[in-house]
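Everything on this sheet refers to the single structure shown next.
One-based numbering, in listed order, for ligands and for the atoms of each. The first residue in the sequence is number 1, and the count goes up from there.
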Amino acid sequence: MKREAQNLLQKVDEKSEKCTVGCPILDRNLNGGIPTKSITEVVGESGSGKTQICLQLVLSAQLPPSHGGLNGSSLYIYTEYPFPIRRLKQLSLSLLSSHPNHLLSSSDPLSRIILRGISSAENFVELLPDIELCLRYWKSRLLPIRVIVVDSIAALFRSEFGNCCFDLKRRSSLFFKISGGLKLLAERFGLVVVVTNQVVDFIEGNESVRIGNFSELCSSGRRVCPALGISWANCVNSRIFLSKDQTGIKITRFSSLLFAPHLPLSSSQFVITEKGLFGVENV
Ligand SMILES: Nc1ncnc2c1ncn2[C@@H]1O[C@H](COP(=O)(O)OP(=O)(O)OP(=O)(O)O)[C@@H](O)[C@H]1O
């Protein structure tokens, strides 16, 4: 019975459209890439590579489906300033050189990425109707928007919410408005939606925050857990954890799929270079 259910999920997954993250090894952990019509969270400590993976995704989305892309433009919502525009330009040059014949010729990949900064969770909720209009009417060189990135969701909830009952309720209500709005758009427009999240130190005895198959999460020698707690965890469909460990100047990085409705847990080592973020085989 369990096997039949698993087979069914696998069949549903095989049919769903995916977008490459620009690396075959990381795509393999995701069974082909990040799925459309759902919310995928990328969580990790500062400097773990969350923004790099998002930048690479919005560039790879412009590739044709034959090369793992969605032939799509993207909307990149950033909440921490300044936006890393120089790094995006550097990665776009790398994409142009690795796929000279697979992108729309004579046009800049950056022209197919809409950047929008926001400063509060309320601001984001107010923006949702405008995002829907943008998805309906914005076309750049005939590429519709197929990816929305929110980098980072945690930054919107960092300071102004306390631990009193009123604030916790307001926070959960905003989580559901944001994730509900994004899920609706993801379904309606066949979008990949990726949100980034930060980690906080794990507090002993706080076992209820554990979600997913890993018994514990570690990064830079610390035991950590995703920020925003269990109510936010229930708002996302899949969660990818990025971790790092530094010995001298050597940084070892891992990407782990913590949970997804259709996939088993998996892990890969990766590196970040000038050219982008790439998985490393058999280390
Ligand atoms: N051109 C480059 N060459 C090599 N490594 C780079 C380059 N640009 C960025 N990196 C690496 O990527 C890391 C930053 O990754 P990223 O900005 O994705 O972190 P993040 O997880 O989004 O952090 P934060 O939560 O602080 O935003 C840097 O610490 C650096 O190690």
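- Distances from atom 16 (P) of ligand 1 to the heavy atoms of Gln198, Arg86, Gln52 show the closest one on Gln52.
- Judged purely by distance below 3.5 Å, without hydrogens or angles, the side chains of Ser243 and Ser219 never pair a donor atom with an acceptor atom.
- Taking a 4.0 Å cut-off on heavy atoms, Arg253 registers as neighbouring ligand 1.
- Protein heavy atom nearest atom 27 (O) of ligand 1, with residue, atom name and distance: Thr51 OG1, 3.9 Å.
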Legend entry - Val199 vs Leu217, side-chain contact (heavy atoms from CB on, under 4.5 Å): CA-CA, chis, key distance, verdict: CA-CA 10 Å; Val199 292; Leu217 306 178; over 6 Å; no
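- Taking a 6.0 Å sphere around NZ of Lys244, one finds it holds more than 12 heavy atoms contributed by other residues, nucleotides or ligands.
- Contacts of Asp151 with ligand 1, taken as heavy-atom pairs under 4.0 Å, are absent altogether.
- Within the listing of ligand 1, atoms 1 (N), 2 (C), 7 (C), 8 (N), 9 (C) sit less than 4.0 angstrom from a heavy atom of Arg87.
- Ion pairing between a basic and an acidic side chain is recognised when a charged N comes within 4.0 Å of a carboxylate O; Arg28 and Glu281 show such pairing.
- Atom 26 (O) of ligand 1 has Ser46 OG, 2.6 Å as its closest protein atom, hydrogens excluded (heavy atom only).
- Ile272 CG2, 3.7 Å is the protein heavy atom nearest to atom 10 (N) of ligand 1.
- Ligand-side atoms of ligand 1 in range of Ser48: 19 (O), 21 (O), range being under 4.0 angstrom from any heavy atom.
- A pairwise comparison of heavy atoms in Cys218 and Glu216 identifies SG-OE2, 3.7 Å as the closest pair.
- Annotation: Gly47 places an N or O atom under 3.5 Å from an N or O atom of ligand 1; distance criterion only.
- Using modelled atom types and a 3.5 Å distance limit, the side chains of Thr252 and Asp245 yield no donor-acceptor pair.
- At a 4.0 Å heavy-atom cut-off, ligand 1 touches Glu45 through the backbone alone.
- Scanning the protein heavy atoms around atom 21 (O) of ligand 1, the nearest turns out to be Lys50 NZ, 2.8 Å.
- Relative to the ring axis of Phe259, Arg239 does not place its NZ or CZ within 45° and under 6.0 Å from the centre.
- Residue Gly44 places every heavy atom at 4.0 Å or more from ligand 1.
- Remark: aromatic rings of Phe157 and Phe175 are close, center separation under 6.0 Å.
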